[in-house]
Q: 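To start, I am sharing the structure in question, which I have written as structure tokens.
In this chain, residues are counted from 1 in sequence order. Side-chain atoms are counted along with the backbone in the values below, which use heavy atoms only and exclude waters and symmetry mates. Quick caveat, the model's predicted, so the values are computed rather than measured.
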Amino acid sequence: MEGGKQFHVVVLGAGFGGLTFCKSFHLPGACITLVDRTNHHLFQPLLYQVAACGLAATDIAQPIRSILSDRSDITVLLDKVVSFDLAQKKVLLEKNTLNYDYLVLAMGGQTGYFGHTEWEQFAPGLKTLNDALRIRSHVLLAFEKAENEPSTAEHDRLMTIVIVGGGPTGVELAGSFAELTRTVLNRDFRNIDPTQARIILLEGAPAILSHLPPELSASAKRQLEALGVQVRVSTHVKNIREGEVELDNGEIIQARNILWAAGVSATPLTKKLGVPIDRGGRVKVNPDLSLPGHPEIFAIGDMALVLKADGKPVPGVSPAAMQMGKHVAKIIEAELHPGAKPAARPPFKYFDKGTMATIGRSAAVALIGKIKLSGMAAWMAWLFIHLIFLVGFRNRTSVLFQWAYSYFSYRRSARIITHLPQELAEEKRP
């Protein structure tokens with residue numbers, strides 16, 4: 001410490017990386033200001049469960065202030081980052097301007113459309129609670145419309161869901177919607193047969209979950225097809241318009257709901273930092289996760305391009321972001337500790353705890369070290385790990401109850417339409 005000065009650390013983003021930093025950083029004489037656009041921490045790995053009616057929004061989100069209520073050294077601000085003044089060590093927000101001694105960038109990413117931003121209005125991604133609630137409402141509303149529709153051709157369009165992208169998010173969405181239509185909605189309608197709904201998963205690569213070993217990828221494909229999902233690999237999207245997907249072979253798929261799960265890019269704010277970024281907008285950080293030329297600024301999580309020992313990027317998953325948050329907290333603590341002497345910063349080393357994807361009831365694939373799991377064993381591992389990482393005892397209890405209820409009853413209670421189209425919303429006004 002310098003003459004009793006209180007150092008100020010600004011953290012932008014309360015995702016896994018930013019929140020882990022705040023919970024890991026403890027140093028008398030230093031304070032933290034945490035800034036986020038929302039008032040809640042979101043457990044993004046379970047967003048698809050909200051979209052597919054398996055969980056309520058409150059089951060996977062908790063107020064940031066509640067999580068950090070016992071930390072008097074942390075101030076939480078609900079605000080939006082506008083720009084940076086790195087020379088003056090300032091962050092410009094919509095409502096405030098913050099000075100900092102250290103800055104931790106943990107603002108996450110956004111859905112990436114590979115240069116086709118015009119597709120977003122027709123094929124929403126899944127990154128926020130609003131995204132999940134909107135998707136859920138649109139899917140449920142499509143079946144409600146089909147129930148009132150006399151045309152068979154229109155039935156088919158309304159009950160078709162196309163998911164673009166065969167990574168974990170796409171696989172989880174496809175499996176969950178297949179189960180929803182075949183084991184839940186099939187009991188609720190009289191004029192249509194939801195079991196005849198088409199769930200189509202499109203993947204440009206030769207295999208889904210291509211980051212996994214071939215045998216696990218093949219197992220995931222078999223498990224999806226057993227649920228009735230049409231898995232189409234080596235299939236490229238040429239264009240997306242209202243209610244239809246055009247493939248590069250000229251085929252056009254008519255679908256009321258088209259979901260995008262094919263790409264993620266960093267927040268556009270990385271372009272305002274004046275440092276090298278990759279094609280996806282991620283900051284090319286130093287080995288210690290600091291910005292080139294700015295040792296007082298760190299980027300973690302989806303914002304950062306971090307290379308492993310083998311030269312491959314660290315994956316954009318929550319365990320990686322949490323490890324980065326802890327790494328940066330240790331560096332700043334060491335440098336601000338009273339009597340600290342200048343020392344070389346240790347490089348970040350990612351410890352891969354494994355990867356997994358759930359497909360449906362008792363169906364999943366997992367790679368944990370060298371252990372390969374599929375089916376019920378993988379699903380149980382997935383369930384256990386996700387419950388551990390959920391923030392807050394109430395969330396764990398609620399999620400466990402909902403999953404047990406859904407598992408044994410084949411029912412999903414969160415089937416509420418909350419985002420009505422404008423014309424229907426106006427009709428309901430008194």
Side-chain angles (χ1 to χ4, degrees), residues 9-26 31-51 54-81 91 93-94 98 103-111 125-134 136 168-169 172 264 266-267 269 298-304 315-329 353 385-400 402-403 414:
V9 181
V10 174
V11 181
L12 305 180
F16 286 102
L19 192 61
T20 299
F21 173 89
C22 291
K23 296 174 74 174
S24 302
F25 184 84
H26 297 271
C31 63
I32 296 173
T33 298
L34 174 61
V35 182
D36 199 281
R37 292 181 300 175
T38 68
N39 77 328
H40 58 268
H41 168 72
L42 176 64
F43 193 82
Q44 282 193 337
L46 290 180
L47 266 178
Y48 80 95
Q49 289 266 355
V50 176
L55 294 173
T58 52
D59 290 330
I60 66 166
Q62 188 170 356
I64 300 167
R65 296 183 186 279
S66 173
I67 297 171
L68 301 173
S69 60
D70 61 339
R71 293 289 301 273
S72 59
D73 59 328
I74 299 178
T75 299
V76 179
L77 296 180
L78 180 66
D79 210 335
K80 183 179 179 181
V81 180
V91 178
L93 310 176
E94 282 189 341
L98 300 176
L103 175 63
V104 180
L105 305 171
M107 291 178 284
Q110 62 181 18
T111 303
L126 184 61
K127 293 296 290 182
T128 68
L129 276 180
N130 279 338
D131 292 337
L133 293 173
R134 188 177 299 110
R136 182 179 72 186
T169 299
E172 289 168 345
V264 176
T267 170
L269 286 168
F298 298 85
I300 62 177
D302 288 341
M303 290 187 67
V317 293
S318 54
M322 296 168 73
Q323 291 176 37
M324 292 180 197
K326 290 181 180 179
H327 180 80
V328 173
K353 297 182 179 180
I385 289 173
H386 279 70
L387 283 178
I388 286 177
F389 280 110
L390 271 177
V391 178
F393 175 78
R394 185 196 63 78
N395 296 64
R396 294 191 186 102
T397 304
S398 176
V399 170
L400 183 59
Q402 289 296 332
W403 274 335

Q: State, to 0.1 Å, how close S24 and K326 come at their nearest heavy-atom pair, and which atoms those are.
A: OG-CG, 3.5 Å
Q: Under the rule for ring pair (Phe, Tyr, Trp, His ring centres under 6.0 Å), what residues qualify as partners of F298, not counting sequence neighbours?
A: none
Q: Are L19 and M322 side-chain neighbours, meaning at least one heavy-atom pair lies under 4.5 Å?
A: no
Q: With a 4.5 Å heavy-atom cut-off, do N39 and I64 have their side chains touching?
A: no
Q: Between R71 and I32 (side chain of the first, backbone of the second, donor and acceptor by atom type, cut-off under 3.5 Å), is there such a pair?
A: no
Q: Under a 4.5 Å cut-off applied to non-hydrogen side-chain atoms, are V35 and L98 in contact?
A: yes
Q: Which value, rounded to the nearest 0.5 Å, describes the distance between L93 atom CG and L78 atom CG?
A: 11.0 Å
Q: At what distance, to the nearest 0.5 angstrom, does NE2 of H40 lie from OG1 of T128?
A: 7.5 Å
Q: Is the count of non-hydrogen atoms from other residues, nucleotides or ligands lying under 6.0 Å from K127 atom NZ greater than 12?
A: yes
Q: Could you pull out all residues at least two apart from R65 that satisfy side-chain hydrogen bond (donor to acceptor under 3.5 Å, both in side chains)?
A: none
Q: Report the residues that fulfil side-chain hydrogen bond (donor to acceptor under 3.5 Å, both in side chains) with T38, sequence neighbours left out, ordered by chain and then residue number.
A: D36
Q: For side-chain contact (heavy atoms from CB on, under 4.5 Å), just list the numbers for M324 and F21, CA-CA rounded to whole Å, side-chain angles, deciding distance to a tenth of an Å, and then say yes or no.
A: CA-CA 8 Å; M324 292 180 197; F21 173 89; over 6 Å; no
Q: Could you pull out all residues at least two apart from D79 that satisfy salt bridge (Lys or Arg N to Asp or Glu O under 4.0 Å)?
A: none
Q: Which residues pass the side-chain hydrogen bond (donor to acceptor under 3.5 Å, both in side chains) test with T267, sequence neighbours left out?
A: none
Q: Distance check, rounded to the nearest 0.5 Å: I60 atom CD1 versus Q44 atom CD?
A: 8.5 Å
Q: Taking only residues two or more places apart in sequence, or in another chain, which ones meet T111 in a side-chain hydrogen bond (donor to acceptor under 3.5 Å, both in side chains)?
A: none
Q: In Å and rounded to the nearest 0.5 Å, what is the CG to OG1 distance from L103 to T33?
A: 11.0 Å
